[in-house]
Amino acid sequence: MIVLGVESSCDETGLAVYDSEAGLRAHVLHSQVEVHAEYGGVVPELASRDHIRFLLPLAENVIERAGIGLQQLDGIAYTAGPGLIGALMSGAAVARSLAWALDIPAVEVHHMEGHLLAPLLEADAPAFPFVALLVSGGHTLLAHVEGIGSYRIIGQSLDDAAGEAFDKTAKMMGLGYPGGPVLAKLAESGRQGVFEFPRPMTDRPGLDFSFSGLKTFALNTWMQNQQDTKDQDQLRADIARAFEDAVVETLLIKCRRALDQAGSDRLVVAGGVGANQRLRLRLHQAAKKHRFTVSFPRLEFCTDNGAMIAFAGCLRLQAGQHQPPDIDARARWPMDELQPLASPDA
Ligand code: KG4
Ligand code: ZN
């Protein structure tokens with residue numbers, strides 16, 4: 001089965017062609033960084049307009065790169081939520097119309113399910129069941145995953161998502177948008193231990209997260225030290241390092257706790273913050289020491305992309321799922337409302 005995947009939930013237009021026999025045939029990505037940079041964050045209306053401009057040319061491009069004709073497509077998968085409603089509707093309208101014109105089924109994909117399944121695109125794909133840590137700009141959650149569509153949320157952020165905290169902390173120190181990768185880069189020249197940030201909610205039982213206090217902690221540290229410091233760049237870097245260390249260690253503590261609680265030795269990490277090098281390093285070290293396995297998607301598939309949507313959609317289409325031709329998208333969509341593909345025991 002050959003499936004075109006369409007991702008347009010936020011500020012990236014991603015398209016891909018996934019072939020259930022040959023694997024990923026092609027993927028293309030257009031980032032809107034330049035569109036939103038001058039505003040310091042994503043402007044929803046501009047995002048929708050940019051998606052509309054790029055969706056069809058990118059679809060043509062990815063089909064050509066995949067070395068197929070439109071007629072060879074067996075289905076189209078698109079992100080139906082959660083995300084920015086106008087951005088979602090742009091992708092949904094293109095995907096559904098194309099499916100209707102080609103007389104093939106279209107299937108809705110949950111954006112976070114796309115992220116969660118992205119590590120399964122790799123050669124050493126983890127087997128079910130496993131514990132998943134999903135860390136993106138909009139979500140931070142731990143889930144017990146028994147199979148495709150069987151997601152039991154065992155912990156989540158009570159306020160800011162980890163990526164959101166990275167972005168806001170970066171913005172507050174004048175690092176612009178998108179802040180997460182810039183802050184992570186800056187942290188490389190930061191000195192460990194110059195500032196000590198708290199590890200929120202690790203001193204009590206449970207698997208929930210709270211990152212908004214860290215952002216405030218970073219702001220206070222920045223305000224208190226700015227006056228007396230000549231080297232503002234080093235100060236920024238030291239704060240970035242302390243902030244990153246705190247987020248990474250908090251995630252690490254909760255992941256180990258979740259594995260213990262679930263009786264699992266398999267961890268899967270996905271979402272934009274999964275691209276963070278220190279998180280990857282620390283989790284690999286912990287996995288070796290505490291005898292669990294950890295899987296990440298390749299770097300480019302941690303952040304938003306069409307490949308994860310084509311892949312997740314292909315699995316659902318193969319299982320016979322698709323929706324009637326109404327064009328539907330949801331700004332909010334709880335992940336545990338998804339239909340499992342089949343009973344894990346079946
Ligand atoms: O998964 P994603 O592309 O979009 C959402 O579904 O939200 O994640 C984007 C988030 C942003 O908050 C971005 O700052 C963060 O992931 N991010 C990073 C890194 N790369 C992206 N955060 C920390 N370190 C990184 N290297
Ligand atoms: Zn995402």
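None of these values were measured; they are calculated from a predicted model. One-based numbering, in listed order, for ligands and for the atoms of each.
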Strictly by modelled atom types, are His36 and Asp50 linked by a side-chain donor-acceptor pair under 3.5 Å?
no

What do you reckon, does Cys10 put a non-hydrogen atom under 4.0 Å from ligand 1?
no

I want to know if ligand 1 touches Gly179 in the polar sense, i.e. an N/O pair below 3.5 angstrom. no

Within 4.0 Å of some non-hydrogen atom of Gly137, the atoms of ligand 1 are 5 (C), 7 (O), 8 (O), 9 (C), 10 (C), 12 (O)

**OP:** Look only at the side chain of Asp74 and the backbone of Val3, and say whether a donor-acceptor pair between them is shorter than 3.5 Å.
**Re:** no

Any heavy atom of Asp167 under 4.0 Å from ligand 1? The part involved is side chain

| query | Can Asp328 and Gln323 be counted as having a side-chain donor-acceptor contact under 3.5 angstrom? | reply | no

Charged N-O contact under 4.0 Å between Asp260 and Arg257:
no

The answer for which part of His115 has a heavy atom under 4.0 Å from ligand 1 is side chain

Without swapping roles, check the side chain of Ser157 against the backbone of Asp159 for a donor-acceptor pair under 3.5 Å.
yes

| field | N/O donor-acceptor pair under 3.5 Å between Asp11 side chain and Gln32 backbone | value | no

task: Report the relative orientation of the aromatic rings in His111 and His115; use parallel for angles under 30°, tilted for 30 to 60°, perpendicular for over 60°.
output: perpendicular

Gly163 heavy atoms within 4.0 Å reach ligand 1 at atoms 12 (O)

Report for the Zn ion (ligand 2), protein N, O or S closer than 2.8 Å, by chain and number, lists His111 NE2, His115 NE2, Asp304 OD1

For the ring pair Phe166 and Phe243, is the centre-to-centre distance below 6.0 Å?
yes

*asked:* Let's go through Phe311 and Leu24 carefully: what are the C-alpha distance in whole Å and the side-chain angles of both, what is the deciding distance for side chain to side chain contact (heavy atoms under 4.5 Å, CB included) to 0.1 Å, and is it a yes or a no?
replied: CA-CA 8 Å; Phe311 177 63; Leu24 186 64; over 6 Å; no

Logged contact type for His111 with ligand 1, heavy-atom cut-off 4.0 Å, is side chain

shortest atom 3 (O) of ligand 1-to-protein heavy-atom contact is with Asp304 N, 3.0 Å

Margin query: Checking Phe195 against Phe197 for the ring pair (Phe, Tyr, Trp, His ring centres under 6.0 Å) test, could you report, in this order, the C-alpha distance in whole Å, the side-chain angles of both residues, the deciding distance, and whether it holds?
Written below: CA-CA 6 Å; Phe195 300 110; Phe197 281 33; 7.0 Å; no

protein heavy-atom neighbour closest to atom 21 (C) of ligand 1 works out as Gly272 O, 3.4 Å

Atom 24 (N) of ligand 1: closest protein heavy atom, distance to 0.1 Å, is Asn276 ND2, 3.0 Å

- Under 3.5 Å, side chain of Tyr151 to main-chain N/O of Gly149, donor-acceptor pair present? yes

Counting from 1 in the order shown, the ligand 1 atoms closer than 4.0 Å to a non-hydrogen atom of Gly138 are 7 (O)

